[in-house]
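Beneath this line is the structure, given in structure tokens, with notes to follow.
Heavy-atom basis, side chains included; hydrogens, waters and symmetry copies ignored. Protein chains get the first letters and strands the later ones, always in sequence-line order, with residue 1 at the start of each.
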Protein chains: 2
Amino acid sequence: MASRKPRPTQSGRVTLSEIAERVGTSSITVSRVLNAPHLVSEELRTQIESVIAELGYMPNRAARALARARSESVAVLIPSLSNTVFTQLLEGVRDVLHAAGYRTLIGDTRYSPEEEESLLRAYLEHSPDGILITGFDQTNATRDLLQRSRVPVVHMMEMTDADMYSVGLEQFDAGLAITRHLLERGYRSIGFLGAQLDPRVMERLAGYRAALHEAGLNYPVGEILDPTPSSIGLGATLLGRLLEQAPHTDALFCCNDDLALGVLFECQRRGIPVPGKLAVAGFNDLAAAAWVHPTLTTVATPRYEIGHTAASMLLQLMNGETPVPAKKDVGFSLIVREST
Amino acid sequence: MASRKPRPTQSGRVTLSEIAERVGTSSITVSRVLNAPHLVSEELRTQIESVIAELGYMPNRAARALARARSESVAVLIPSLSNTVFTQLLEGVRDVLHAAGYRTLIGDTRYSPEEEESLLRAYLEHSPDGILITGFDQTNATRDLLQRSRVPVVHMMEMTDADMYSVGLEQFDAGLAITRHLLERGYRSIGFLGAQLDPRVMERLAGYRAALHEAGLNYPVGEILDPTPSSIGLGATLLGRLLEQAPHTDALFCCNDDLALGVLFECQRRGIPVPGKLAVAGFNDLAAAAWVHPTLTTVATPRYEIGHTAASMLLQLMNGETPVPAKKDVGFSLIVREST
DNA sequence: CTGTTAGCGCATTCAG
DNA sequence: CTGAATGCGCTAACAG
């Protein structure tokens with residue numbers, strides 16, 4: 001009767017039931033050896049284990065995910081892979097999640113909320129068990145997708161008042177702190193160099209302005225804002241722009257260390273003494289900051305810890321627990337070096 | 001008769017058959033709208049499409065992968081995520097593979113063949129349709145896994161004589177070229193700073209030695225090899241070691257720009273004129289090289305292009321085509337700047 | 001402790 | 001152009 005052609009054996013890979021057949025048992029028992037070995041008798045277990053080893057059996061995650069409605073994967077969305085700030089964060093994430101048996105699906109949004117939305121849409125098809133996402137600057141559609149997916153989400157890098165799980169630091173306070181430091185050092189014409197202009201940079205800018213304001217100052221001519229991605233080269237360029245626009249600037253807060261390094265290099269090239277003629281501060285405390293000449297004053301941000309903590313919080317959520325507190329502030333520290 | 005409790009509806013997500021039911025058709029037709037829309041009548045199609053949009057249907061990749069025995073994902077194994085050399089390579093990979101509808105599973109091996117093996121084992125469970133891997137320094141077990149999986153593989157970064165698909169450059173030749181450049185500039189006591197000591201560094205070292213040899217020279221006292229991961233700080237440290245061990249060194253080839261930058265900074269600190277007293281060359285042409293003072297002579301390596309080309313080659317293999325040639329040499333270029 | 005039954009969501013095969 | 005039947009590989013639920 002049945003005249004249909006069977007599909008060719010698909011993957012060619014060894015399956016649970018092939019192992020079962022070899023041993024003379026059922027596939028569910030083999031499955032148990034893998035997932036709950038204490039439920040299988042010593043004898044059968046060792047027998048099955050040896051066949052598994054012999055045949056080089058390798059479980060099929062797609063089948064498991066389908067049957068269990070859990071993928072054991074986590075989507076991680078960061079703005080950029082070529083910025084070590086985020087790759088260090090990823091290391092913290094990876095260390096926690098891999099130890100717990102999860103895979104990470106890494107997505108680079110290129111600092112674009114639209115790209116983030118599109119990546120999220122793609123990754124949701126994989127039914128991630130959890131999501132780590134950078135900041136709070138999501139499109140409405142992204143927020144909607146997150147909500148309707150009912151997948152636990154932890155936001156990284158910033159703090160918020162909203163009712164969301166998050167691990168980060170107060171970017172505003174950090175901008176405030178480093179600007180206050182410059183004020184304490186006696187600088188008065190303090191400029192600001194900003195690039196990329198993502199939400200964290202804008203918060204630092206707001207902190208900078210607030211610090212000037214509380215000192216009874218303001219210095220709008222010293223603010224250079226450029227939406228281009230940050231780079232050392234851009235730092236050099238923007239210094240040029242600043243010196244034309246506000247030649248009397250005596251100190252400069254750069255929104256990140258890349259810009260600050262570019263500024264330092266350009267100062268060397270132009271023979272501008274740092275900090276004698278111009279003090280320079282950065283943000284993030286990248287590896288070069290401690291070695292460049294003069295060494296760079298900056299704000300150290302605990303990226304690894306953010307990733308680690310956020311991933312731990314997500315683990316709790318994926319286990320059905322409720323992390324307390326829901327928001328963790330990992331803080332920052334002012335690193336005063338030679339450049340100021 | 002049937003008294004078993006049905007499983008609770010698993011994911012809660014909208015499925016093909018729910019959409020089919022709403023429209024009054026079968027799930028296979030809905031599937032066709034997604035995968036082969038030209039096979040469905042205009043009328044049914046628009047009707048189905050609107051229900052898909054209305055319900056926010058999202059395909060389940062696990063189910064699709066299981067049914068098609070294809071995951072539409074590619075595993076990418078690189079030594080380090082915190083080295084921009086590899087993140088730029090990943091950008092090339094990503095641009096090609098995402099455009100072709102593939103997801104990338106990124107694995108950071110920490111320069112360890114054993115870690116690489118363990119990651120590969122984990123990722124093979126996802127049935128990747130292809131694999132991109134760095135270099136040729138795999139464990140025997142890794143080679144075996146790759147072979148038996150029958151998944152297409154492309155190796156990145158280096159060249160080989162073996163019969164494998166690969167995209168890279170002759171690390172030996174690059175080391176040779178930059179050392180020849182130093183020789184042409186008249187330097188004779190040319191040292192070598194190496195860290196990490198991965199296969200690519202060792203090839204560059206071999207190229208360096210060959211160049212000295214063909215000039216009738218050798219300078220073993222000027223070779224500093226340290227298995228520690230590269231960093232700017234390590235460059236500074238190793239310079240100190242070199243100056244003790246071989247104070248008459250007049251030029252230095254650092255196995256990468258991180259070390260070279262550390263050397264340059266430390267020279268500034270110690271008041272050693274570059275290139276007056278010591279010429280310095282790096283490798284990779286990282287962003288800082290063109291801006292540091294003095295600007296750094298180095299070898300530019302086309303990382304993005306390697307990733308892009310390797311991914312394109314892998315696409316061909318996954319489509320059942322045979323890439324010709326099987327090995328692509330993307331070359332390198334000597335960038336001569338102020339430091340030599 | 002072990003096995004049977006059923007089904008996860010989708011796509012291939014073949015028959016209309 | 002559309003649909004029914006079937007199975008991908010695995011595991012939850014239940015019954016022995």
Proximity to the side chain of T15(A) - top-ranked nucleotide from dT11(D), dG9(D), dG7(D): dG9(D)
Rounded to whole Å, how long is the line connecting atom CD of E18(B) with atom C1' of dC10(C)? 13 Å
In whole Å, what is the span from the CG atom of L124(A) to the P atom of dG9(C)? 16 Å
Examine dT4(C): is either OP1 or OP2 under 4.0 Å from a nitrogen or oxygen in the side chain of S26(A)? Give yes or no. no
Can you measure N60(B) atom CG to dG9(D) atom P for me and round it to whole angstrom units? 17 Å
Does any non-hydrogen side-chain atom of M164(A) lie less than 4.5 Å from one of L146(A)? no
Using a strict threshold of under 4.0 Å (side-chain N to carboxylate O), is an ion pair present between R22(A) and E18(A)? no
E116(B) versus T142(B), side-chain donor and acceptor atoms under 3.5 Å: no
Can you pull out the residues from residues 27-35 of chain B that lie within a 4.0 Å heavy-atom distance of DNA chain D? I28(B), T29(B), R32(B)
Taking CG from L39(A) and P from dC14(D), how many angstroms apart are they, rounded to a whole number? 16 Å
Give the rounded distance in Å between these two atoms: CD of E72(A) and P of dG9(D). 19 Å
Nucleotide dT12(C), atom P - distance to CG of L16(B) in whole Å: 12 Å
R70(B) CZ to dG7(D) P, straight-line distance once rounded to whole Å: 23 Å
For E54(A), look at atom CD and say whether over 12 heavy atoms of other residues, nucleotides or ligands are found less than 6.0 Å away. yes
Among V330(B), I306(B), V167(B), which one satisfies side chain to side chain contact (heavy atoms under 4.5 Å, CB included) with M157(B)? I306(B)
May I ask you to say what T25(B) touches in the nucleic acid, namely base, sugar-phosphate or nothing, with a heavy-atom cut-off under 4.0 Å? sugar-phosphate
With respect to the side chain of L66(A), which nucleotide from dG9(D), dT2(C), dT11(D) is positioned closest? dG9(D)
Hey, is CD on E321(B) packed in by over 12 heavy atoms from elsewhere, all under 6.0 Å? yes
Got a sec, which residues hit salt bridge (charged side-chain N to carboxylate O under 4.0 Å, His left out) with D137(B), two or more places apart in sequence or on another chain? none
Starting at atom CZ of R64(B), determine the distance to atom C1' of dC8(C), rounded to an integer number of angstrom. 16 Å
Inspect the surroundings of CG in N319(B) and state if more than 12 heavy atoms from other residues, nucleotides or ligands are less than 6.0 Å away. yes
Pair R13(A)-S127(B), side-chain donor/acceptor within less than 3.5 Å: yes
Ordered by number, residues from residues 45-58 of chain B within less than 4.0 Å of DNA chain C (heavy atoms) are Y57(B)
